[in-house]
Amino acid sequence: APVPFSVVCFRAAPADLLDEPAALDELNARLLDSVNATGDVFLSHTRLGDRFALRLAVGHIRTTERHVARAWDILQEQLAALLS
């Protein structure tokens, strides 16, 4: 039977880097590596409009809001560490 599959594409965009597309791409690539290195969440990436973007796929039937919230928390933690 068909199973819904959701992919969300996004990127970190701190205000001080908005005018630096290459720096934003680099930050997001580092964020991807940092998040995946935790072993708790695995993201992929793509390019949208020639910009590096992160992809979070929610496809498992037992994925709950708690799992998505945990992924968001890890993203926020790792981004804060990269920006400090």
Beyond-backbone contact of L82 with L27, side-chain heavy atoms, under 4.5 angstrom: yes
Set of residues satisfying side chain to side chain donor-acceptor pair (under 3.5 Å) with respect to R30, sequence neighbours excluded: none
Heavy-atom closest contact (T46 atom, C9 atom, distance): CG2-SG, 4.3 Å
Partners meeting side chain to side chain donor-acceptor pair (under 3.5 Å) with R55 (sequence neighbours left out): S44
Close side-chain approach of L75 to L54, heavy-atom, < 4.5 Å: yes
Distance (rounded to the nearest 0.5 Å) between E26 CD and L17 CG: 11.0 Å
Nearest heavy-atom neighbours spanning L24 and N28: O-ND2, 2.8 Å
Cluster check F42, L79: I/L/V/M/F/W/Y, side chain < 4.5 angstrom: no
Exercise: identify the closest heavy-atom pair between V41 and N36: O-OD1, 3.4 Å
Cluster check F52, F10: I/L/V/M/F/W/Y, side chain < 4.5 angstrom: yes
V35 with W72, same ILVMFWY side-chain cluster at under 4.5 Å: yes
Linked, directly or transitively: V58 and I74 (ILVMFWY side chains, under 4.5 Å): yes
Sidechain-backbone polar pair: D25 side chain, R51 backbone, donor-acceptor under 3.5 Å: no
All pairs passing side-chain hydrogen bond (donor to acceptor under 3.5 Å, both in side chains) where residues 73-84 contributes a residue, at least two apart: S34-Q78
Within one Ile-Leu-Val-Met-Phe-Trp-Tyr cluster: L83 and L31, side-chain cutoff 4.5 Å: yes
Heavy-atom neighbours of D19 CG exceed 12 at 6.0 Å: no
Any donor-acceptor pair under 3.5 Å from D40 side chain to A71 backbone: no
